[in-house]
Amino acid sequence: MKEEGNLENRPSNTAFTQQRLPAWQPMLSAGVVIPGFLVIGLAFIGIGVGLLITSRSIQVLELDYTGTETNSPCNKCTTLPIQNNCVCKLNFTIDTLFKGPVFFYYSLTNYFQSQRKYGASLDYNQLSGDLTYFKSPASDCDPYRYANGKPIVPCGSLANSMFNDTFKLYQIVNGKENLVPFDGKGIAWWTDYNIKYRNPDYSPLENAFNDTEKPVFWSKPAYKLDTSDSSNNGFVNQDFLVWMRRAALPNFRKLYRRITEGDYKDGLPVGNYSLEISYNYPVKSFDGTKKATFSNVSWMGGQNEFLGIAYLAIGSMCVVMSVVMLIVYAKFRFPEDD
Amino acid sequence: MTWRSPLALMRDAILSQKAREKELRSLVSNLPFEGLGKSKQPNRFFKSNAIKTNKYTPLFFIPMNLYEQFHRLANIYFVGLAILNFIPVVNAFQPEVALIPICVIMFLTALKDGWEDFRRYQSDKKLNNTPCLIYSRKEKRFMERRWKDVRVGDFVKVVSNETVPADLLLLHTSDPNNVCHIETANLDGETNLKQRKSNVFEPESFNWTVVCEKPNNNLNHFKCFVEKPDREKTGAGIESLLLRGCTVRNTEHSVGFVVYAGHETKSMLNNNGPRYKRSKLERRLNVDVFFCVLLLFIMCLIGSLGHYLWLKGLSDVPPFLVSDSKGHLDSPGLSSFYMFFTMIILLQILIPISLYVSVELVKIGQIFFIVTDVDLYDEETDSRVQCRSLNITEDLGQIEYIFSDKTGTLTENKMVFRRCSIMGTEFAHKENGKEVTFTRYTTKYNMVEYLLSFFSKFLKVRSSSPSHQTYNSLESFSSLVKRWNIFDTPKRNSSPIEDSAGDDANGVQPCSSDPVTLSARPAAASEDLCYEAESPDEAALVYAAKTYGFTLLARTPDSVTVRVPSGEELVFEVLDTLAFDSNRKRMSVLVRHPITREYVLYTKGADYAIMELLGTGQQKKIATDTQYHLDCYAKDGLRTLCITKKIVSGREYQSWLVDRKRALAAIEGREELMMDSAVQLETQLTLLGATGIEDRLQESVPDTITALREAGIKVWVLTGDKPETALNIGYACRLLEEEDLVINMSCKNKVTCISILDCTLEEVRRFHADPRNVDTTQKISLMIDGDTLAIALSPDLQDRFLDLAKRCRSVLCCRVTPLQKSRVVKLVRDKLKVMTLAVGDGANDVNMIQAADVGIGISGQEGMQAVMASDFAISRFKHLKKLLLVHGHWCYTRLANMIIYFFYKNAAYVNLLFWYQFYCGFSGTAMIDYWLMIFFNLFFTSTPPIMFGIMDKDVSAEMLMGVPDLYRTGQGSGEYNFLTFWISMLDAFYQSLVCFFVPYLAYQGSDVDIFTFGTPLNTSSLFIILLHLGIEIKSWTVVHWIIMLGSVALYFIVTLAYSAICVTCNPPSNPYWILQNQMADPMFYLICIISTVVALLYTFYVLKNSVAPSPLIQAKHLDRMKPSVREMWMKEWRSLRGGMEVKESRLSTPPSPTLETSVDFYPGFGDAASFVGDDLSLNVLTDQKPVDT
């Protein structure tokens, strides 16, 4: 290369400017694809089997208590207009030991907690304990913002429509009903309980709610949600928190209690049980059903076979494909070597 | 400032408007009115010299910039949606938040605009405050003022090396010949010096009226006359105008009268800002944006309908249905109507907001890589390739027709005098000048006369390349310049080129070329003369003459000094010059012979323009012999010129002079009058002889043309040369092959033209109809001359002409005018709907360059006009090969893939939201936090496609150069077409389906909350979108890895940080601690893995099947081989295509590797077959059988 004259405009001859950076060009060759498929396939089959076994090991007991069928014990509660303290009892039998800890859920179907306006119908400032919003809740709360001229606390549709059936579980031993103790602590998200939702700094809590109205559908004000545990009241009530975390899909279940104490620590033993339901929540308006669900959980959460099957299916597909590829490859490739 | 009534102000405004609109302006000197108020000034209606090119003022920046930005339809769309969000019944997000993306985009654009405008303001300010000298009557001398103080009617003095502040009518110079030299590099990039001539005036006594035309942007054109108090009119033209922005050289000082100032100056009127062309891809892109809008509309309609049905399906009012404050619920119909708009807001990002910005960024990056390519750098001229249009890089990859000029484009345009014919005798000339053939010349007188004709006609010749618009014939401007006295001054002993500022930044586009300036420059010894000519032909002639002892010593406006071999110096008085124009195709000079005192007219021009003007009855034999020689020259590819003389009697001259003067002073129709007067004199000429000048082909031209044709590009050559010369060059540069059938179309009337067209077409059609010729193309080429072309381009024949032309391997058009060139380009572009590229180097190519989709200028010997008009400027023709085959291909595939990917990306993401609507009662709920949605599009997934668009490399440069065939992938509809767009949309549809329903099924019936459900969706869609790009990326460099991994890291870092910080920052959305929770759950990973794999397994499958057999993939395979092996394959591939025997639409099967290559060399085909197992892919497989070599 001659260096005569001034070549000041000469572009710099680097790998970057000349687009000659060392590059890796992935090419799908049989040598990579066939073993690759095989390895992925086997790994997926392994995961799939693991998932399926875990899912199968989870016991689930679902009891529909909507009461639409006439022979259902709860049928009486649906035929009448909403009445307080309609109690119905569901009897069931457990044949094998229901391993603990057992989680008790209530399930709703066809319930759209994910509805946008419904989800927005609350006042976060109020729920974080800001007293100024006790006096004038956000307009999002409409139409559950004021009642009888007083602000509603907690306001909004979401809080107003809180699920209010209550359950009691009895084991029938020799005709006698033994109450199975429910553990209601720690069923909500830790962050909700400790950070997001805050009661106003008032003692007693009741005073903070002066000049406010309870939500229209509620039978008792927020500060009286749990009569047995005074710290489980107001906005940090566990049931309230569980309800306020909106379900993503229209058929959902929500944790109600865990069975972790006493004789039932290791699970529900074989026997007859009776579930006493105080039936308050109407589901007719959305054609939904209500279920009580007992389930134990594993590392993968509740029972769900889909994931295991999906892994198994994709894994087997990969293995089959790699075999087919090998056959085709052998058939069309090797004769040419002659 | 005194108060004036608004009425008076208005009247003034109207008056000044009127004065500016008038076709003719009368200007008088300002001096008598010096010191008077503004309303007394005679020239107060005309613009002052202060300029303002900044668009904005600080106060109105925001509204004005917004106004500018809203010219872009996409911006209106997004702002409209943001506003829609403020309407409570339809809003989908927090109204304020919905404004963020559009605000970010518009803020960045405003920032860029503001910065550019501020820089313009600064440069204006600097320019306006440049000092200059204005004559003051009070002081009786030139006073130092600022440029902004200059007014129309002032007298301005410009000293050497100073820039001219306004358009000045030159009145006086320090030069004894009353000339002033200017350099117009700032205007048109030309670095040679031009002469301007003046009349002598003193400012004080200037009491004349200057009448000039309305300002226009033609840099080479100016009409004006000066009216003396006694009503006598003197014409003046561009030769007396100093243009604003020019630099005065070699003239100590000159004084001018300001005719146009400020924004009315020619240079400012030419300053139109950067060129804006819209590329084919961008037009296609806009169509697809429209499709996206349609798709969005359909999706919203489905959403709205779904909402209606959902509401209808409810038997009662459920608790999750929220009424208004009075407990009233909208009817299902009304609320689904509202829902339609909510859906538009929710799904708006289906129209990619950042696409346009990204495309611009990608183009900047692509241009960077084109400009920095060391292979496109020319050492000789120290110039890189220039990209003057910033937004048509991808068009380079789609070219189907190239229209090329010959002279200076295919050839060097470095002329060498080769042969001549004098009085019917033929002489040859070797470069060293030692050839003795000239000893045979008959009389010495003849020789002198012959050579003299060269010297005297350097006035304005573009020989056979017909050029420029008609011109005012003004000798001072266009003549040879002798610079003895000038170059002796110590200030200026360097060449003008070195001093020139280089390229012009203002984007001025000259409309026609500047005429020839030839200057004799003595070095140490007077014998070492150095001539500067704009037309290389003339330089070649003068140098040749010098070799034989006839030396041009000096050229002043009025005289030519020649030293003959005897040592005697002859001074010819130049009386007039009849300038070249493309109608006459010749030019003449009228001189007075120093010895005989006769008036002699020497004419030089193309043979056909001369031969018909020869006097009757005389020298028949000479004419025939000369014509024979001319034909021989043309066959050798030489450029020919004929030279004649005519002795004009004194009386004849006088009577002609009267007409001539009248023509000169005319404003209306001056060109015609000038031409008529020239034609009047150029009759009864006596033939002296002819010359043949060689123009060498540039290096690698045949190779480049062969490669371009293998790439499926048709190359047409449009030249002003004779058919024989063009044919010769055609063979030399392998445009025509020996075995080609060349159809020569040259006919005088329409009837013959039609019959030739019809016959040829019939023959060609018959050839194609023959079943034996199915896979071959006929080797025919078309050769057509200017006259025939004019007939063929007539509306009723053009279809037939095109039909024939598109079946020809190559087309040569000769003797065409610049206008015809552009008409041909336009015709092919519009009728055949193909991408055209025009390449040229001279002013005569400007029309063609501007007419084509892509214009390429070659910075060569003929000035900068072509470059100024072009989109890309290169220095050698051979650079075209890499520019098109490599950069064109890359730019196109990169951008096309990037745009497709962009649509895919947004559609895939938006569809997730759409699927979720089925599970939230079509209520417009998003399962992802809105901020994260914005971040997703703006940050997490925006850089990878941009990087992809700038840096991806599907096939190596060597491969693309070695196998030009690969270029065909971009032609026609190319890789980015209707099909690919919809395939990518289907892809997006499928992937979003997987990405949504895998988590849906996994979480079905569980207690999962909205955002916990959305997080794995968001995460797996990030992986799917990025990995999809990963599959598209053909080669991974360090940069790719950094950006891809960086994007994933950014996603997790930002989302984690956001979920940790944001407790109630965006109510009612609740992203707090969601991702943290999810990342502690093994299910999250399992879901992400399975949905990513299922979504992409399909892509992988499609990719392998549909793309595997394409030539590009095969080229990629070859790319992985050792260079030596690859070289072999490339050769074989090319030879298979060899004589272009394969039909254009189909690509030949490239050779497969031999047995030496490893077994799993072509495994992809085996895989492809395994997936479908049908005949097609098996055929592909068998096609790939190695060829034993």
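Just the heavy atoms: all of them, side chains too, but no hydrogens, waters or symmetry mates, feed the values below. Protein chains get the first letters and strands the later ones, always in sequence-line order, with residue 1 at the start of each.
Only the side chain of A:L51 comes within less than 4.5 Å of a heavy atom of chain B; its backbone N, CA, C and O stay farther away. Contacts between A:Q19 and chain B at a heavy-atom distance below 4.5 Å involve backbone atoms as well as side-chain atoms. For chain B, no part of A:Y144 is nearby; none of its heavy atoms comes within less than 4.5 Å. Neither the backbone nor the side chain of A:R145 comes within contact range of chain B; no heavy atoms are under 4.5 Å apart. A:W190 does not touch chain B: none of its heavy atoms, backbone or side chain, sits under 4.5 Å away. In this structure, the portions of A:T17 lying under 4.5 Å from any heavy atom of chain B include both its backbone and its side chain. Residue contact with chain B, scored on non-hydrogen atoms closer than 4.5 Å, is absent for A:Y106. Only the backbone of A:N251 comes within contact range of chain B, with heavy atoms under 4.5 Å apart. For A:L21, the parts lying under 4.5 angstrom from a heavy atom of chain B are both the backbone and the side chain. In this structure, the portion of A:Y124 lying under 4.5 Å from any heavy atom of chain B is its side chain and not its backbone. The contact between A:I47 and chain B is made entirely by side chain atoms (from C-beta outward), counting heavy-atom distances below 4.5 Å. In this structure, chain B has heavy atoms under 4.5 Å from both the backbone and the side chain of A:F16. For A:D140, no part sits under 4.5 Å from any heavy atom of chain B, backbone or side chain.
Annotation for A:Q115 and B:S923: closest pair CA-OG, 3.6 Å, computed over non-hydrogen atoms. Closest approach of A:S285 to B:V317, counting heavy atoms only: CB-O, 3.6 Å. Annotation for B:P319 and A:S157: closest pair O-CB, 4.4 Å, computed over non-hydrogen atoms. When all heavy atoms of B:Y919 and A:S114 are compared, the pair lying nearest together is O-OG, 2.9 Å. Nearest heavy-atom pair, B:I1010 versus A:A247, reported as atom, atom and distance to 0.1 Å: CG1-O, 3.7 Å. Between B:D373 and A:Q18, the shortest heavy-atom contact is OD1-OE1, 3.3 Å.
Between A:Y118 and B:F320, the ring planes are perpendicular. Angles over 60° get that label, and only those under 30° would be called parallel.
Judged by distance alone, with hydrogens and angles left aside, the side-chain atoms of B:D316 form no donor-acceptor pair with the main-chain N or O of A:V283 at under 3.5 Å. No side-chain donor-acceptor contact under 3.5 Å links A:N9 to the backbone of B:R384.
Ranked by heavy-atom pairs under 4.5 Å with chain B, the list A:M300, A:Q113, A:K284 is led by A:M300.
Look at A:R245 and B:D1009 and you find a salt bridge, because one of the NZ, NE, NH1 or NH2 atoms lies within 4.0 Å of a carboxylate O, short of that distance.
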